[in-house]
Amino acid sequence: MKLADGIRKHGFKRWYERELLSGHAHLGLAFLSAIGLMAAFEGFFTFHSLADKLMDVASIALCGLAGVWALRRYLYLLAHAEHIAHQAECPGCGSYARFVLVGADSHGLKVRCRQCERVWLISE
């Protein structure tokens with residue numbers, strides 16, 4: 001979901017909360033992948049048939065790739081949410097996350113403060 005659509009649909013605070021929850025779900029997936037990776041390594045170093053070894057290698061590759069992807073996605077979601085959150089304070093009156101979305105373009109979001117009516121740009 002794009003930033004403007006998410007903020008328009010849920011509001012900034014709920015959008016931010018959803019981004020953090022989504023990021024932490026990816027962290028949980030990375031943790032489960034690490035457990036799967038350790039189990040696959042343990043299975044690899046015990047004596048089995050060639051088919052079992054190939055299955056262990058495939059499991060190691062799959063868990064490793066899933067874990068790396070999930071960890072990168074977690075870090076991206078948290079960094080993106082924090083980047084946007086640092087810009088959510090009105091430069092005029094200092095109120096946090098109390099704005100109305102005026103418009104969105106390729107440069108970012110144009111928002112207007114609910115308290116002092118000041119307009120500023122939140123860049124992605």
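Throughout, numbering of the chain's residues begins at 1 and tracks the sequence.
- Remark: the backbone N or O of Leu20 is paired with a side-chain donor or acceptor of His24 at under 3.5 angstrom.
- Rounding to the nearest 0.5 Å places CZ of Arg14 at 11.0 Å from CG of Leu21.
- The CG atom of Asp5 sits 9.5 Å away from the NE2 atom of His10 when rounded to the nearest 0.5 Å.
- Under the 4.5 Å side-chain heavy-atom criterion for grouping Ile, Leu, Val, Met, Phe, Trp and Tyr, Leu101 is connected to Leu3 within one hydrophobic cluster.
- Note on Trp120 and Tyr96: same hydrophobic cluster, where clusters join Ile, Leu, Val, Met, Phe, Trp and Tyr whose side-chain heavy atoms are under 4.5 Å apart, directly or indirectly.
- Between Ala97 and Lys13, the shortest heavy-atom distance links the atoms CB-CE, 3.9 Å.
- Tracing side-chain contacts under 4.5 Å through hydrophobic residues (I, L, V, M, F, W, Y), one reaches Ile122 starting from Trp15; they form part of the same cluster.
- A donor-acceptor distance shorter than 3.5 angstrom exists from the side chain of Gln87 to the backbone of Ser123, with no hydrogens or angles considered.
- Each of Leu32 and Leu77 belongs to its own hydrophobic cluster when Ile, Leu, Val, Met, Phe, Trp and Tyr are linked at side-chain heavy-atom distances under 4.5 angstrom.
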Ignoring hydrogens and angles, write down the donor-acceptor pairs under 3.5 Å from the side chains of residues 53-70, residues two or more places apart or on other chains.
unit_1 : atom_1 : unit_2 : atom_2 : d
Lys53  : NZ     : Phe44  : O      : 2.3
Lys53  : NZ     : Thr46  : O      : 3.2
Asp56  : OD2    : Phe44  : N      : 3.3
Ser59  : OG     : Met55  : O      : 2.9

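- His80 pairs by the side-chain hydrogen bond (donor to acceptor under 3.5 Å, both in side chains) definition with nothing, not counting sequence neighbours.
- Rounding to the nearest 0.5 Å places SG of Cys90 at 12.5 Å from CZ of Arg114.
- Going from atom OG of Ser22 over to atom CG of Leu78 covers 10.0 Å, rounded to the nearest 0.5 Å.
- Shown here for Ala81 and Tyr16, the closest heavy-atom pair between the two residues is O-CE1, 3.5 Å.
- Hydrophobic clustering (side-chain heavy atoms under 4.5 Å, transitive across Ile, Leu, Val, Met, Phe, Trp, Tyr) keeps Leu29 apart from Leu71.
- Here the CZ atom belonging to Phe99 is positioned 15.0 Å from the NZ atom belonging to Lys110, to the nearest 0.5 angstrom.
- Here the closest non-hydrogen pair linking Ser95 and Gln115 is CB-OE1, 3.1 Å.
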